[in-house]
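Notes for the one structure printed next.
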Amino acid sequence: RRCPQGSTAMLDVPFPPFCAFLGTLGLLCVAMVGTWCQHWRGGFSLDGSSRTFNWHPVLMVTGLVVLYGAAALVYRIPNTWSGPKLPWKVLHGSLALGAFVLTVLGLAAVFRFHNSQGTPNMYSLHSWMGLATVLLFSCQWAVGFGAFLLPWAPAWLRALYKPIHVFFGSTILML
């Protein structure tokens, strides 16, 4: 038996306004975290103080939430759009690379803060989950670059790796 049409219909939202809405939410999120760190946590610095730590949440939110989310969204461009796929792949990979760079800088900030304060690194579940996420992310980017952007990768390898890439991409985004 089929369900009535009205109960299974999905919300029909045009893609470009949806992307603009999500981009606005991402910028708002970064602005709010940046404002929190600037006004309520003392601002930003690279001197090893708590102001060095403040780079960590801003860079992690910008990289792992906003840019990585945008990279995932860019690759979901509707199939009805015509044209070559390579520019979208390059944009997807570039956004993910930008997210990776910001994430590594966020990790460097928190390690610098811990080392200057004499706090042990990797002492919490948060730190271990974060490091595992960044390691998975680095592997995901490197293998994705090799499989999908370099011209030498055969079609069978791309077809074999694509579901794995999609699975780990979603998993990393959730982490």
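In this chain, numbering begins with 1 at the start of the sequence shown.
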[atom1]/[X] to [atom2]/[Y] distance, rounded to the nearest 0.5 angstrom?
| X | Y | atom1 | atom2 | value |
| --- | --- | --- | --- | --- |
| F111 | T119 | CZ | OG1 | 12.5 Å |
| L131 | F137 | CG | CZ | 14.0 Å |
| S94 | L67 | OG | CG | 11.0 Å |
| R112 | L46 | CZ | CG | 6.0 Å |

Does any part of the side chain of [Y], heavy atoms only, come nearer than 4.5 Å to the side chain of [X], both counted from C-beta?
| X | Y | answer |
| --- | --- | --- |
| I172 | Q140 | yes |
| C19 | L73 | yes |
| M60 | L102 | no |
| Y68 | T103 | no |
| L86 | L149 | yes |

(request) Tell me, with the steps shown, if V61 and C29 meet side-chain contact (heavy atoms from CB on, under 4.5 Å). (result) CA-CA 8 Å; V61 165; C29 183; 3.6 Å; yes
Look at the side-chain heavy atoms of Ile, Leu, Val, Met, Phe, Trp and Tyr, link any pair under 4.5 Å apart, and say whether [X] and [Y] land in one connected group.
| X | Y | result |
| --- | --- | --- |
| M129 | F100 | yes |
| L125 | M122 | yes |
| V110 | Y123 | no |
| V134 | F167 | yes |
| F18 | L91 | yes |

Show the nearest heavy-atom pair for residues [X] and [Y], with the distance to one decimal.
| X | Y | answer |
| --- | --- | --- |
| G144 | H165 | CA-CE1, 3.9 Å |
| G26 | V66 | O-CG2, 3.5 Å |
| R158 | L150 | NH2-O, 3.0 Å |
| A153 | G146 | CB-O, 3.6 Å |
| D47 | S49 | OD1-OG, 2.6 Å |
| V58 | C37 | CG2-SG, 4.0 Å |

(message) Could you check whether atom CZ of F168 has more than 12 heavy atoms from other residues, nucleotides or ligands sitting under 6.0 Å from it?
(response)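 Counting neighbours around CZ of F168, 12 or fewer heavy atoms of other residues, nucleotides or ligands fall under 6.0 Å, so no.
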(request) Please indicate whether M32 has more than 12 foreign heavy atoms, meaning atoms of other residues, nucleotides or ligands, lying under 6.0 Å from its CE. (result)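 Incorrect, the count does not exceed 12.
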(request) Determine the interplanar angle of the H56 and H126 rings, folded into 0 to 90°, and report it as parallel if under 30°, tilted if 30 to 60°, perpendicular if over 60°. (result)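 Perpendicular.
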(message) Classify the ring geometry of F44 against W55: parallel below 30°, tilted from 30° to 60°, perpendicular beyond 60°.
(response)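 Rings of F44 and W55: tilted, as their planes differ by 30° to 60°.
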(message) Centre-to-centre under 6.0 Å for F148 and H92, is that the case here?
(response)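 Between F148 and H92, the centre distance exceeds or equals 6.0 Å.
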(message) Using the ring centroid of each side chain, check whether F145 and W141 are separated by less than 6.0 Å.
(response)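 They qualify: ring centres under 6.0 Å apart.
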(request) Say whether, by atom type as modelled, one donor and one acceptor occur between the side chain of R41 and the main chain of N54 under 3.5 angstrom. (result)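 Looks like no, no N/O pair under 3.5 Å.
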(message) With a 3.5 Å distance limit and no angle check, can you tell me whether T52 reaches the backbone of F113 through a side-chain donor-acceptor pair?
(response)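 No, because the side chain of T52 does not come within donor-acceptor range (under 3.5 Å) of the backbone of F113.
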